[in-house]
Amino acid sequence: MRHPNFQLTPEISRALLTGAPIVALESTVITHGLPRPQNLELARNMEKQIREHGATPATIALLDGKIRIGLTDEELVQLSESDATLKVSHRDFATAIVKKANGGTTVAGTMYAANMTGIKVFATGGIGGVHKESSFDISTDLKSLAEIPTVVVCAGAKAILDLPATLEYLETMGVPVVGYQTDEFPAFYSRESGLNVSVRLDSPKEIAEFAKAHWNLGMKTGILVTNPIPEAESIPKSEMEPIIARASVEAMEKEIHGQALTPFLLGRIAELTQGKSLKANLALLLNNARLAAEIAKEMTARKKEWAL
Ligand code: PSU
Ligand code: MN
């Protein structure tokens, strides 16, 4: 792929040429989602998990205004320590480019860049969605899921969001919501939400076959794969609800809106749970990296059968 604003590492270019499995990783989780030094540790561990499961990781971010597909370890360090990073969703790419800025790409931003490059599988923690207390705050992540044909592996969405409204939006836009070994839409820290997925699939192979069937029909949407947090690190819904409610009220009182809202809520929830939510967050991210690597392997094995 040749584009003046994109820069791929030689490893990713090679993997793309040989049709090897690749998993894209977002970087807003590094720049805005997690505190230091856990952000760097997590970024390294996600890459490691993906390699150990037979795929090539492609962390996507902006450095000096270039859209970078794959980062060196020094660059991961630079990104994780940088203070002046942008949170880059669709409308922010050109800003980062003209200002030669560093930035972490959101789920939406990462889907865009991965798809431009030809990477079809992407692992993240939780997607953005429809916010609760705010009258018209809907994440670009949902629009991207409606428009960009990639498989996004996540642990559902946080209960800081209006989960029923988020699922309604995805239904309206024709986005399949897959439950991996579950019938229930997981709520990030919690395995339960009381809400249903559109289809339950029990293996990476079944997910790859589903993606093939969906896209070979001419569907253009993304596919959201929801992977519940491992039992041992999960926090029950009843324990999270009051904490989330308190953080949301504080955000309203402090008049925090827009791009700043998700990072504020995540930080407050980590404080209020005395780090338990952070531990859960790290565990589910690694769990998603593993599943995404398995799906990428199954998908590359079937590539020739695809109309894409
Ligand atoms: N949800 C999380 N952790 C995160 C994010 C969401 O549990 O770090 C990040 C992701 O990068 C996501 C973005 O794409 O926040 C959504 O932000 P917004 O709601 O401003 O679109
Ligand atoms: Mn928003």
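Note that ligands are numbered from 1 as they come in the structure, with each ligand's atoms numbered from 1 the same way. Note: hydrogens, waters and symmetry copies are ignored here, and every other heavy atom, side chains too, is used. For this chain, numbers begin at 1 and follow the sequence in order.
Atom 2 (C) of ligand 1 has Lys158 NZ, 3.0 Å as its closest protein atom, hydrogens excluded (heavy atom only). Atom 6 (C) of ligand 1 has its closest protein heavy atom at Gly126 O, 3.5 Å.
Looking at Ser139 next to ligand 1, an N or O pair under 3.5 Å apart turns up.
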Glu26 and Thr124: side-chain hydrogen bond (donor to acceptor under 3.5 Å, both in side chains), yes or no, with the steps? CA-CA 6 Å; Glu26 66 147 309; Thr124 183; 2.4 Å; yes
Is there a side-chain hydrogen bond (donor to acceptor under 3.5 Å, both in side chains) between Thr106 and Thr28 once you walk through the steps? CA-CA 5 Å; Thr106 62; Thr28 294; 5.1 Å; no
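The pair Asp64-Lys99 fails the salt-bridge criterion, with no side-chain N (NZ, NE, NH1 or NH2) lying under 4.0 Å from an Asp/Glu carboxylate O.
Counting atoms of ligand 1 from 1 in the listed order, those under 4.0 Å from a heavy atom of Lys87 are 17 (O), 18 (P), 20 (O). Atoms of ligand 1 found under 4.0 Å from any heavy atom of Phe188, numbered from 1 in the order shown, are 7 (O). Each of the atoms 11 (O) of ligand 1 lies under 4.0 Å from some heavy atom of Thr28.
Paired with Asp137 under the rule side-chain contact (heavy atoms from CB on, under 4.5 Å), one option of Leu261, Leu161, Asp162, Thr262 passes, and it is Leu261.
Across all non-hydrogen atoms, the minimal contact from Leu195 to Leu167 is CB-CD1, 3.7 Å. Contact detail for Ala96 and Val88: the closest heavy-atom pair is CB-CG2, 4.5 Å.
Taking the ring centre of Trp215 as origin, the terminal cationic atom of Lys220 falls outside the region bounded by 6.0 Å and 45° from the ring axis.
Scanning Val29, Thr110, Val88, Leu266 for the heavy atom closest to atom 4 (C) of ligand 1 points to Leu266.
Using a 4.0 Å cut-off between heavy atoms, Thr262 contacts ligand 1 through its side chain alone, with no backbone atom that close. With a heavy-atom cut-off of 4.0 Å, Glu26 touches ligand 1 through its side chain alone. Contact annotation for Asp141 and ligand 1: only side-chain heavy atoms (C-beta onward) come within less than 4.0 Å of the ligand.
Side-chain N/O atoms of Thr221 and His214 include a donor and acceptor closer than 3.5 Å.
Scored by the salt bridge (Lys or Arg N to Asp or Glu O under 4.0 Å) test, Glu239 finds Lys276 as partners (sequence neighbours excluded).
At a cut-off of 2.8 Å, measuring from the Mn ion (ligand 2), the protein N, O or S atoms that fall short of it are Asp137 OD1, waters left aside.
Side-chain atoms of Ser193 come within 3.5 Å of backbone atoms of Phe185 as a donor-acceptor pair (strictly under, hydrogens ignored).
Using a 4.5 Å heavy-atom cutoff, the side chains of Thr72 and Thr9 are not in contact.
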